[in-house]
Amino acid sequence: MAAQSREELVFAPLGGVGEIGMNLSIYGLGSERTKSWIAVDLGVAFAGDDLPGIDVIMPDIRYLIEERRNLVGLVLTHAHEDHFGAILDLWPQLGVPIYATPFTAALLEAKRASEPGAPEIPVTVVPLGGRFTLGPFDIELVSVAHSIPESNGLIIRTRLGTVLHTGDWKLDPTPILGPPTDEKKLRALGDAGCLALIGDSTNAFRDGRSPSERDVAKALTELVRTAPRRVAVTTFASNVARLRAVADAARAADREIVVVGRAMERIVQVARETGYFDDVQDFRSIEAYGYLPPDKVIALCTGSQGEPRAALARIAEDQHPDVTLSKGDRVIFSSRTIPGNERPVARIINGLVRQGIEVITDRTHLVHVSGHPRRGEMQDLYGWVKPQIVVPVHGEALHLAEHAALARTLGIAQAIVCGNGDMIRLAPGPAEIVDEVPQGRCYRDGKLVVDAEARTVADRRRLGYVGVVSVALALNQAGVLVGEPEVDLIGVPEVDAEGANIGSIAYDAVVDTLEQLPRARRRDPTSVEEALKRAVRAAVAAHWGKKPLCLVHVLTV
Ligand SMILES: [Zn+2]
Ligand SMILES: [Zn+2]
């Protein structure tokens, strides 16, 4: 009886643990059966070539939909896509109040406005460092340095203890824009007592400390100053501090900034609206690029990840209507190549180099720093906060394990590695995984959100490997062929090694199989379809060495 009614505080990740991206965490307080929940972040991950036609992957929110009545709020830590990119698609199923700081709210609104048909989403704007109550949770924001304005950690106070959800953070005493990580508040949290820290594992295997945004700004200033001709800088559009550093470098070198790419324009607009660019010079319209002298301009471009439709790829292929580069110009990748994007990025870099354009990356110059803490920074934070429990999140298995090992060497009593869907009871008693909640993933496919378990993408992948043979024919009531069967190949070679036409091979297989089918079976379209499918795939495989998909349409006339 007592166990049934005993109150407990739990944490469960529904995305972002054991994988990169699509962060979604929930915290629950209540009895074993009924709890009030808050959700933190609702992000996407970007799909690779293994998911043809899919742009983004999102967490499956089935569990939150079930628990919707008990879900009291969704708090956003910051406006990176891996933390807020799924809101437009998934929020309508939850209808839960959203809480965010001004920049995050403004960027969400700008995104919504740029997507026709996107839902109206009410957001409660919370000031930096603000404190508010959601059901039994008392939530206070802690400003943390990161690579986008207004990244927040959350101090979540409950009757059973206080949790620090770090969000994405680093320690940068000179972040250029916005406040540094609020050490004072974090030390005070440690003094008052912190039960658990749920923390960023991204750079858990890197020793030392991340360099500061200020160091990057210095390097950029020097590279712009010494550039003989045009300069193009590409970076993550959301890194407003970096955009500002480029603007400052431009001003110092008496150059004008031209912004190229929609995502970049949107961020610049939001940065101006929210006051982050109050003392930044006006940028020039893209039309100005053509008539500004080469040593008087900087193109600030999207496309640092090699995205084929983004500004830099189009410029590199000389297909941009307004912006061109030529021999002697300098392109600076003020970015890191996200794993999986190496090939498209290398393609762009090689294309530029072949044209005699100088390319500068973080391999040789300090033109980028990570927004995540290295081990030295984690050591500092854990020293301030002194949590009893550490739960590594925001990383793949390797990062989580490394983070947990580090926490243990720092004397943290419990470090718990978990996976998506694991429910950890943080209090009362020792922290442990006590339950599992439904979790998974879904895809954005065109305008639709589809279940990752659905066959569509698997079919698409198969289609990509083996192509399809399409067969159409008409049979009369007696099962006799009417007219000629129609055979089409898509993605199947036209001829075999001997030069035989594969379309004809498939055609012959259709006709021969029909002739051999007993009359009774010929009157059953399903049975005909099955027999033809088998015969066509086998006949083509004998000549090709691969079995295509086969679609058979039997029309009864
Ligand atoms: Zn982030
Ligand atoms: Zn993140």
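Whatever order the structure lists them in is the order used to number ligands and atoms, beginning at 1.
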Within less than 2.8 Å of the Zn ion (ligand 1): protein N, O or S atom count: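 Total protein N/O/S atoms under 2.8 Å from the Zn ion (ligand 1): 4.
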Arg343, CZ atom: more than 12 neighbouring heavy atoms under 6.0 Å: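 For Arg343, atom CZ is not crowded (no more than 12 foreign heavy atoms under 6.0 Å).
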Report all side-chain donor-acceptor pairs from residues 10-20 shorter than 3.5 Å, counting only partners two or more places apart or in another chain.
from	atom 1	to	atom 2	distance (Å)
Glu19	OE1	Arg441	NH2	2.6
Glu19	OE2	Gly16	N	2.8
Glu19	OE2	Asn420	ND2	2.9

All pairs passing ring pair (Phe, Tyr, Trp, His ring centres under 6.0 Å) where residues 173-203 contributes a residue, at least two apart: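 Matches after skipping sequence neighbours: none remain.
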Pairing of Arg131 and Asp138 as salt bridge, 4.0 angstrom limit: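 Salt bridge present between Arg131 and Asp138.
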Test: Arg363 cationic atom under 6.0 Å from Phe333 six-membered ring centre, within 45° of axis: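 Arg363 over Phe333 ring: no.
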Show me the donor-acceptor pairs within less than 3.5 Å that the side chains of residues 393-405 make with the rest of the protein, sequence neighbours left out.
from	atom 1	to	atom 2	distance (Å)
His394	ND1	Thr202	OG1	3.0
His394	NE2	Asp82	OD2	3.1
His394	NE2	His83	NE2	3.3
His394	NE2	Asp168	OD1	3.1
His394	NE2	Asp168	OD2	3.3
His399	ND1	Glu396	N	2.9
Glu402	OE2	Arg375	NH1	3.4
His403	ND1	Ser201	OG	2.8
His403	NE2	Tyr382	OH	2.5

